[in-house]
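Atoms considered below: every heavy atom in the structure, side chains included; atoms not considered: hydrogens, waters and symmetry mates. In what follows, every chain begins at residue 1, and chains take the letters A, B, ... in the order their sequences are listed.
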Amino acid sequence: MIQLVSFYIFATIVIASAAMVIFARNPVHSVLWLIVAFFNAAGLMVLIGAEFIAMLLVIVYVGAVAVLFLFVVMMLDIDFAELRAGFVKNVPLGLLLAVVLVAELVLGIGAYQAGAVKLGTAEAGGATISATVPNIEAIGALLYSKYVFLFETAGLILLVAMVGAIVLTHRRSHGTRGQNISSQVQRRPQDATRNVNQPVGQGIEL
Amino acid sequence: MTSFFQTLGMSYEGAWFTATIAGILLIALPLMLAVALIIYAERKLWAAFALRRGPNVVGPFGVLQSFADGLKVFLQETIIPSASNRGLFLIAPIITFTVALMAWAVIPFADGVVLSNINVGLLYILAISSLGVYGVVIAGWASNSKYPFYSAMRAAAQMISYEVSIGFILICVVLWAGTFNVGGIVEGQRSHIFGFINAYAFNPLLFPIAVMFLISSMAETARAPFDLTEAESELVAGYQTEYSSMAFALFWLGEYANVLLMCALNVILFWGGYLPPVDWAPLYAVPGIIWFFVKILLMFFIFAWVKATVPRYRYDQLMRLGWKVFLPISLFWVFLVSGYLMFTGHFA
């Protein structure tokens with residue numbers, strides 16, 4: 001009962017906010033609706049018992065990716081009139097994409113109803129997943145045993161992407177003066193000031 | 001608590017619902033009271049550090065000062081700037097306030113006294129605390145004013161930077177405790193050192209990251225010396241500049257609820273949570289919740305002490321500390337701790 005009610009609440013909000021992402025006129029509102037959609041999708045994950053994935057969804061997408069997204073969208077100076085002018089031009093492409101997506105959905109549901117495909121995933125890995133084992137342990141046991149090479153490859157690809165991004169954007173600029181932190185930290189009050197016991201009525205020599 | 005309501009003749013769903021609502025109220029209402037008193041306590045502490053008297057007019061020793069302030073802002077007019085984005089402008093303080101309360105759901109106040117005892121408790125706290133930045137960012141943007149906007153940008157950058165190292169610090173603790181369950185982490189500290197001290201912080205391998213976590217949690221809550229988001233000499237009042245009345249008060253309450261949460265997290269992760277400091281039978285006569293509150297108050301004293309005495313960081317120093325000091329050290333510490341635990345056969 002509670003699960004059913006929560007499912008319908010979460011699912012309705014996910015779909016409604018996903019629609020609002022498209023319909024919102026202001027791009028910042030779109031991003032905020034996207035965040036609502038992410039958050040409620042995490043709620044759906046919790047309902048099917050995938051609490052680890054749910055928390056990752058919130059931490060990674062809501063907590064980091066969407067913040068940076070929001071950051072960029074807020075700083076952009078977007079001309080709304082120009083955005084809407086491109087609508088007619090892009091309609092055929094959009095319709096094509098929509099048809100492809102609907103076809104994929106129909107295929108996916110059809111394949112699901114035809115029965116599960118035996119890909120030999122969990123049972124072949126030696127790590128059996130049961131309801132009593134916490135999500136994190138089950139996923140960790142699989143990731144670090146059967147899929148360890150794929151996992152490390154994914155890490156390597158991310159590292160390459162990170163290095164690539166740094167190489168592309170990092171330019172050594174001339175004429176800038178960076179902060180020398182160690183000299184700042186080592187500076188003491190007596191380096192900059194001195195106490196003088198000056199007699200009254202006489203000027204000070206600096 | 002669900003079973004208690006079931007004995008009153010409710011169905012399971014009804015009992016669960018009533019118990020959850022009652023639990024939320026049992027946490028949220030005392031928390032609001034605690035926030036009001038902690039603001040008073042902090043003002044008294046700052047006053048003592050500065051050789052002033054602090055609030056001393058309303059009620060005995062000025063205890064009722066926060067309530068008088070609350071009443072005052074409640075009676076004020078809510079001013080909404082005409083150029084602002086009205087809906088988001090009003091939602092932003094509500095987000096800050098709600099998110100500050102949400103994380104308390106997984107905090108154990110005593111052995112087994114927790115609203116929601118979930119396996120991924122620590123991840124939940126991390127997820128919720130990463131939501132906190134939205135209140136500030138939305139407030140800054142919706143105000144449609146340049147200083148709040150600068151402040152929002154700073155807040156986003158600052159919170160993301162420090163969350164990275166906080167994540168690594170949490171991993172070290174989780175490795176040692178072997179669980180993400182918050183109650184499990186507290187229980188993991190029972191007789192941790194020499195078989196009788198109940199705290200991870202006295203572990204030589206974990207003490208450095210306990211200090212780093214304390215500093216990071218000050219940066220995460222954007223408190224002095226890291227309060228760049230509301231640096232009054234540069235940004236007027238930061239993201240709160242355009243806010244007045246109850247909306248302003250909600251920011252204020254949310255901020256202090258967050259500070260209390262960070263104190264509680266420090267206590268839970270490194271100082272033994274609701275356990276007495278030493279594993280000695282007579283000390284268990286004192287209820288766990290008392291130990292927990294005493295430790296939170298001591299931690300809060302450190303927060304107030306730092307705010308009263310340490311000058312504000314420069315923005316580039318803040319970023320340098322997060323990315324060039326804390327991130328490499330905490331990353332190295334994950335290697336160190338997991339290597340040590342592997343070497344000593346902790347995982348076997």
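Among B:Thr179, B:Val164, B:Leu131, B:Asn181, the residue with the largest count of heavy-atom pairs under 4.5 Å with chain A is B:Leu131.
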Checking side-chain contact (heavy atoms from CB on, under 4.5 Å) for the pair A:Glu51/B:Ile118: CA distance, chi angles, key distance, verdict?
CA-CA 9 Å; A:Glu51 73 263 10; B:Ile118 55 176; over 6 Å; no
Using the side-chain contact (heavy atoms from CB on, under 4.5 Å) rule, take A:Ile136 and B:Asn119 through it: C-alpha gap first, then chi angles, then the decisive distance, then the call.
CA-CA 9 Å; A:Ile136 303 176; B:Asn119 283 331; 5.9 Å; no
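Within 6.0 Å of the CZ atom in B:Phe149, the count of heavy atoms belonging to other residues, nucleotides or ligands exceeds 12. For A:Phe38, the CZ atom counts as densely surrounded, since its 6.0 Å shell holds more than 12 non-hydrogen atoms of other residues, nucleotides or ligands. The 12-atom threshold is exceeded at CH2 of B:Trp104, counting heavy atoms of other residues, nucleotides or ligands nearer than 6.0 Å. Heavy-atom neighbours of A:Phe69 CZ from other residues, nucleotides or ligands within 6.0 Å: at or below the threshold of 12. By the neighbour-count criterion of 12 heavy atoms within 6.0 Å, atom CG of A:Asn195 is sparsely surrounded, having that number or fewer from other residues, nucleotides or ligands.
Annotation: the span from A:Ile59 atom CD1 to B:Leu123 atom CG amounts to 4.5 Å, rounded to 0.5 Å. The distance from the CD atom of B:Gln317 to the CD1 atom of A:Ile181 is 5.5 Å, given to the nearest 0.5 Å.
Here the closest heavy-atom approach between residue A:Phe71 and residue B:Ala156 is recorded as CE1-CB, 3.5 Å. What you find for A:Met55 and B:Tyr124 is that their closest heavy atoms are SD-CA, 3.6 Å. The two residues B:Ala127 and A:Val58 have their closest heavy-atom pair at CB-CG1, 3.5 Å. Contact detail for A:Gly63 and B:Ser130: the closest heavy-atom pair is CA-OG, 3.5 Å. Shown here for A:Leu68 and B:Ile160, the closest heavy-atom pair between the two residues is CD2-CD1, 3.8 Å.
A distance-only check finds no donor-acceptor pair linking the side chain of B:Tyr134 to the backbone of A:Ile35 [under 3.5 Å].
Interface remark: B:Val137 contributes backbone and side-chain atoms alike to the contact with chain A (heavy atom separation under 4.5 Å). Only the side chain of A:Leu32 comes within contact range of chain B, with at least one heavy atom under 4.5 Å from a heavy atom of that chain.
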Check: residues 82-97 of chain B side-chain donor-acceptor pairs under 3.5 Å, at least two apart:
{"from": "B:Ser84", "atom 1": "OG", "to": "B:Pro81", "atom 2": "O", "distance (Å)": "2.7"}
{"from": "B:Asn85", "atom 1": "ND2", "to": "A:His29", "atom 2": "NE2", "distance (Å)": "3.1"}
{"from": "B:Thr96", "atom 1": "OG1", "to": "B:Ala92", "atom 2": "O", "distance (Å)": "3.2"}

Acceptor/donor pairs from residues 3-20 of chain A side chains to any protein atom, 3.5 angstrom cut, sequence neighbours excluded:
{"from": "A:Ser6", "atom 1": "OG", "to": "A:Ile2", "atom 2": "O", "distance (Å)": "2.4"}
{"from": "A:Thr12", "atom 1": "OG1", "to": "A:Tyr8", "atom 2": "O", "distance (Å)": "2.3"}
{"from": "A:Ser17", "atom 1": "OG", "to": "A:Ile13", "atom 2": "O", "distance (Å)": "2.6"}
{"from": "A:Ser17", "atom 1": "OG", "to": "A:Val14", "atom 2": "O", "distance (Å)": "3.2"}

